[in-house]
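Just so it is clear, the structure is predicted and the values come from calculations on it, not from any experiment. Computed over heavy atoms, backbone and side chain alike; hydrogens, waters and symmetry mates excluded. Throughout, a chain's letter reflects where its sequence line sits, starting with A, and its residues are numbered from 1.
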2 protein chains.
Amino acid sequence: MKVEAKLNPSRDDIVDLFSKGLSTEAIVTIFAHCRVFYDGRAKSELGPGDRVIIIKPDGSFLIHQKEKREPVNWQPPGSSVSLDVREDKLILRSVRRKPKEILEVELIDVYLFSYFQAEDYEALALVGSEAEMADLVFKNPELIEEGFKPISKEKSIRHGIVDLLGKDKDGNIVILEFKRRRADLHAVSQLKRYVETMREEYEKVRGILVAPSLTSGARKLLKKEGLEFKKLNPPKQEKSRKGRQKTLFD
Amino acid sequence: MKVEAKLNPSRDDIVDLFSKGLSTEAIVTIFAHCRVFYDGRAKSELGPGDRVIIIKPDGSFLIHQKEKREPVNWQPPGSSVSLDVREDKLILRSVRRKPKEILEVELIDVYLFSYFQAEDYEALALVGSEAEMADLVFKNPELIEEGFKPISKEKSIRHGIVDLLGKDKDGNIVILEFKRRRADLHAVSQLKRYVETMREEYEKVRGILVAPSLTSGARKLLKKEGLEFKKLNPPKQEKSRKGRQKTLFD
DNA sequence: TATTTAATGTCGGAC
DNA sequence: GTCCGACGTTAAATA
């Protein structure tokens, strides 16, 4: 059976369904009144309340409250889960080895216990990333300025990795840092680090922040540091089909 | 009824339960074979497969595959969801206003439709954050060095916000940047930005990166820039109970 | 609202 | 395994 669900399960039901869900590599989903304890990189406690608990076959463990996109507590993939009875309490326990982290959920009341043997062979196809901005500029250098010549992408230098390294028409080294969204102070500091590193070896080094826009603070710092800005939006078109003609839908 | 769940629901069941779940501020959870389309800051497509879909009463919308901690697609809190029939297809649609983003889930096959009127008045109590490191040092300045005098926390300066500003025993300005985990190149660049900004106004300015450890690259850059490192772990003790005496369990 | 930064960030890629 | 940086980052605090 691909899916099983039990409303107001008994303790035996829970133990049985948990075991079945785990052994069949299913996604286990529980609606429960529970308490949560976490200790690891940080430490937390969450008092009694109703939450949705999800345990994935890869060890991912999520506890969701009724608000926010983020789980209130979690364990990443690779963690090991078990269901124990302690002092007459039902406890879900997930352990991560490195770093050592423990998540414990005391199941006070379980309203629904379900599992889902999900079959999924699809991966997300996404366009509009920063890497695609760099690709776009590598193929169309004139988007930056006339005479710009790209040299290398993802170039590792002493203190970091430069998105795109090139030369301008006067032979100066040009460092490009791409941001797919509005660039902030952090982005300027990053670019500045690359520029300063390259200036140790080259005479004239320019730094250009390539992004759809700048925050006010970023603009000020960029100017003060003598760095430049080039407006560019991340591309969201389909990738070209290896030379095939574009269709009406492209 | 706090929880309702229907296995292999009919189209009418789905429409009915969706409406009931939405109107009662419940968390709606769906096990389904589906396709997903997203367009907004980026653009993505996900072919047919089995996923767990969660819709929260605050508008958060999560689509989980059977692996990873992160949802494969989502919509953040504040989004508006609807269930439409289009060309005989059942489509869950979530719209975010700003930035404009649209998420569409084509429900090809629904295995389980459930909702949960979760009651939850608890907030997470977490210790071990970066802010607590700063608090700790503010109260125990000798943890940094003999003679250190904290002046202000979260001090806004021209290009950013300094975690902790103080003076050393010689009267020099000291800027502390805290990291709750191993500090990297970014952390050094951040500290450097603050130090350089303060040096425009003050004669002698020291910068100290306070963290449990440093990456190798961070150590090199820190040294080259004449900045300092002070090892400190984020505190994970209970917060003091408003001056009450500590108990045996503290 | 825009800005800035933390996060138990997570994730992937390069070395 | 460590290091480095992106992310449709999300979320909180602040101006």
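Nucleotide dC4(D) holds its P atom 12 Å from the CZ atom of R219(B), rounded to whole Å. In this structure, the NE2 atom of H159(A) is 10 Å from the P atom of dC4(D), given to the nearest Å. The CG atom of L214(B) sits 15 Å away from the C1' atom of dC4(D) (whole-angstrom rounding). Rounded to whole Å, atom P of dG1(D) lies 13 Å from atom CZ of R97(A).
Within the 4.5 Å cutoff, the side chain of F18(A) has heavy atoms near those of the I55(A) side chain. Here the side chains of I27(A) and P57(A) are in contact, with some heavy-atom distance below 4.5 Å.
Within 4.0 Å (heavy atoms only), G40(B) reaches no atom of the nucleic acid at all. The residue D184(B) sits apart from the nucleic acid: no heavy atom pair falls under 4.0 Å. Counting non-hydrogen atoms under 4.0 angstrom, K98(B) reaches the backbone sugars and phosphates but no base.
Judged by distance alone, the side chains of R182(B) and S213(B) do bring a donor and an acceptor atom under 3.5 Å apart.
With a cutoff of under 4.0 Å to any heavy atom of chain B, the contacted region of DNA chain C is bounded 5' to 3' by dA2(C) to dG12(C).
Here the closest heavy-atom approach between residue G166(B) and residue F148(B) is recorded as CA-CE1, 3.8 Å. Among all heavy-atom pairs drawn from Y38(A) and R41(A), the shortest one is OH-N, 2.9 Å. The shortest heavy-atom contact between R93(B) and R86(B) is NE-NH1, 4.1 Å.
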Reading nucleotides 7-15 of chain D from 5' to 3' and marking B where a protein heavy atom lies under 4.0 Å of the base, S where only the sugar-phosphate is that close, and - otherwise, the string is SBBBSS---
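Side chain of D163(B) to backbone of F178(B): a donor-acceptor contact under 3.5 angstrom is found. A donor-acceptor contact shorter than 3.5 Å links the side chain of D58(B) to the backbone of K68(A).
Atom CZ in R193(B) sits 9.5 Å away from atom NZ in K192(A) (nearest 0.5 Å).
Annotation: of the two residues near DNA chain C, D163(B) and I161(A), the 5′-most nearest-nucleotide partner is D163(B).
Comparing the C1' positions of dT5(C) and dC7(D) gives an interatomic distance of 16 Å, to the nearest angstrom. As rounded to the nearest Å, dT8(C) and dT4(C) have P atoms that lie 23 Å from one another. The gap from the P atom of dC4(D) to that of dG8(D) amounts to 23 Å, rounded to the nearest Å.
The shortest distance between the side-chain N/O atoms of Y194(A) and the OP1/OP2 oxygens of dG5(D) is below 4.0 Å.
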